[in-house]
Amino acid sequence: MNKIKVIVAGPRGRMGHEAVKLVHNTDHFELSAVLDTKYNGMNLSEIEGFTGIEAPVFTDIDECFSSAEADVLIDLTTPVVGMKHAVKALEYNIRPVVGTTGFTKNDLETLERLTAEKELGCIIAPNFAIGAILMMKFSQMAAKYFEDVEILELHHDQKLDAPSGTAVKTAEMISKVRKYKKQGHHEEKETIPGARGADMDGMRIHSVRLPGLVAHQQVMFGMEGQQLTIRHDSFNRASFMSGVKLAVEEAMKINVLVYGLENIIE
Ligand code: NAP
């Protein structure tokens, strides 16, 4: 079996570092190169934290994608950079597997069109943790019966986007089955703006940012006399890697854009 050749963008980031280790430690994956903001021309093994992991480092996208042979790009950077990388990867016939969050609807539509034109696989997953995918699916099941729902997402204080991609994705999945309802009292007034969180299809999303947290989400459903809470916690970045591995493998088998790991997990 041919190895799947992978480029990782953002290798020194918290997620990127785990992804590099995953690719390095997976027998049927091969690390072709990394795309970084510095250390151009060096070998990854010379950089602190990557001893024994060989791969050329590039800072220029075109140079990276034209020099390193690759099947898949794993992007774990920032929303604007991630979008640029994904578009460029498709140009070079490399399948993007994007964990970077904060992509807009417009970004997704653009990537869907480019993916269809190229007939290449592309996976955008706001959350790679299998437990988080189940939390979203269970929430969607519950939303058929509970139309009152508040999403509380909690992350580390270095996160750039709010609400989290997972919270948005959860709300989108719930919207598909939930009878529309504008929550709270119809005369409700915020005395401090933002007190009731973000409004998405009448549901409320609350974002907590604290040092020490990783990625956590609680979906709370209420009905007269009862409450249902569905919660998932990622305690470290390794929790996302089984999903990254699955996405890399799946990206090789499909020729469309898949948004959300729940679409490839039965
Ligand atoms: P992080 O620690 O800040 O890492 C981001 C990395 O991207 C940094 O090393 C940064 O390098 C690098 N970078 C920025 N611009 C770049 C460019 N032009 N080329 C190459 N690398 C570039 O963030 P993180 O916690 O790893 O998270 C990364 C992304 O993954 C975020 O969008 C986060 O929300 C998302 N995330 C997704 C999941 C999931 O399951 N899908 C889970 C957790 C996090 P510099 O430091 O030099 O700028």
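First listed ligand is number 1; within each ligand, the first listed atom is number 1.
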Peer 1: Taking everything shown except Asp157 itself, do over 12 heavy atoms lie less than 6.0 Å from its CG?
Peer 2: yes
Peer 1: Quick one: are Met252 and Arg95 in side-chain contact, heavy atoms under 4.5 Å?
Peer 2: yes
Peer 1: Where on Phe128 is there a heavy atom closer than 4.0 Å to ligand 1, on the side chain, on the backbone, on both, or on neither?
Peer 2: both
Peer 1: Salt bridge check, Glu250 against Lys245: does any charged N sit closer than 4.0 Å to a carboxylate O?
Peer 2: no
Peer 1: So which protein heavy atom does atom 33 (C) of ligand 1 come closest to, and at what separation?
Peer 2: Thr101 OG1, 3.8 Å
Peer 1: Please answer whether the main-chain N or O of Cys64 pairs with a side-chain N or O of Ser67 as donor and acceptor at a distance below 3.5 Å.
Peer 2: no
Peer 1: Using a heavy-atom cut-off of under 4.0 Å, does the side chain or the backbone of Lys159 touch ligand 1, or both, or neither?
Peer 2: side chain
Peer 1: Can you check which of Gly99, Gly243, Ala215, Gly16 brings a heavy atom nearest to atom 36 (N) of ligand 1?
Peer 2: Gly99
Peer 1: Could an N or O of ligand 1 be found under 3.5 Å from any N or O of Pro79, whether backbone or side chain?
Peer 2: no
Peer 1: Does this structure show an ion pair linking Lys169 with Glu262, if we count only N-O contacts that are shorter than 4.0 Å?
Peer 2: yes
Peer 1: Answer yes when Glu150 and Arg196 have at least one side-chain N-carboxylate O distance shorter than 4.0 Å, and no when they do not.
Peer 2: yes
Peer 1: Heavy-atom contacts under 4.0 Å between Leu35 and ligand 1: side chain, backbone, both, or neither?
Peer 2: backbone
Peer 1: Can we say Asp107 and Lys105 salt-bridge, meaning some charged N sits less than 4.0 Å from an Asp/Glu carboxylate O?
Peer 2: no
Peer 1: Taking 4.0 angstrom as the limit and counting only heavy atoms of Asn127, give me the atoms of ligand 1 inside it, by number and element.
Peer 2: 39 (C), 40 (O), 41 (N)
Peer 1: Taking only heavy atoms of Pro126 into account, list the atoms of ligand 1 that are under 4.0 Å away from them.
Peer 2: 39 (C), 40 (O), 41 (N)
Peer 1: Identify, for atom 26 (O) of ligand 1, the protein heavy atom at the shortest distance, and state residue, atom and that distance.
Peer 2: Met15 N, 2.7 Å
Peer 1: Salt-bridged, Glu18 to Arg14, with N to O below 4.0 Å?
Peer 2: no
Peer 1: Considering non-hydrogen atoms of the protein only, which is the closest contact for atom 18 (N) of ligand 1, and what is the distance?
Peer 2: Val81 CG1, 3.3 Å
Peer 1: For atom 11 (O) of ligand 1, which of the options Val8, Thr37, Thr59, Val98 provides the nearest non-hydrogen atom?
Peer 2: Thr37
Peer 1: Would His24 and Phe29 count as a close aromatic pair, with their ring centres under 6.0 Å?
Peer 2: no
Peer 1: Please verify whether a non-hydrogen atom of His85 lies at under 4.0 Å from ligand 1.
Peer 2: yes
Peer 1: Would you verify that at least one protein heavy atom lies under 4.0 Å from atom 46 (O) of ligand 1, or report that none does?
Peer 2: no
Peer 1: Using a 4.5 Å cut-off on heavy atoms from C-beta on, say whether the side chain of His85 contacts that of Thr77.
Peer 2: yes
Peer 1: Between the candidates Arg12, Lys84, Arg14, which shows the shortest non-hydrogen contact distance to atom 25 (O) of ligand 1?
Peer 2: Arg14
Peer 1: Can you tell me which residue and heavy atom of the protein come closest to atom 12 (C) of ligand 1, and the distance to 0.1 Å?
Peer 2: Gly10 CA, 3.9 Å
Peer 1: Hey, are Asp199 and Lys182 close enough for a salt bridge, meaning a charged N less than 4.0 Å from a carboxylate O?
Peer 2: yes
Peer 1: For ligand 1, indicate whether the residue Ala125 contacts it via side chain, backbone, both or neither (heavy-atom separation under 4.0 Å).
Peer 2: backbone
Peer 1: Can you report which non-hydrogen protein atom sits closest to atom 4 (O) of ligand 1, along with the distance?
Peer 2: Gly13 CA, 3.2 Å
Peer 1: Nearest non-hydrogen atom to atom 31 (C) of ligand 1 belongs to which of Val244, Thr77, Leu76?
Peer 2: Thr77
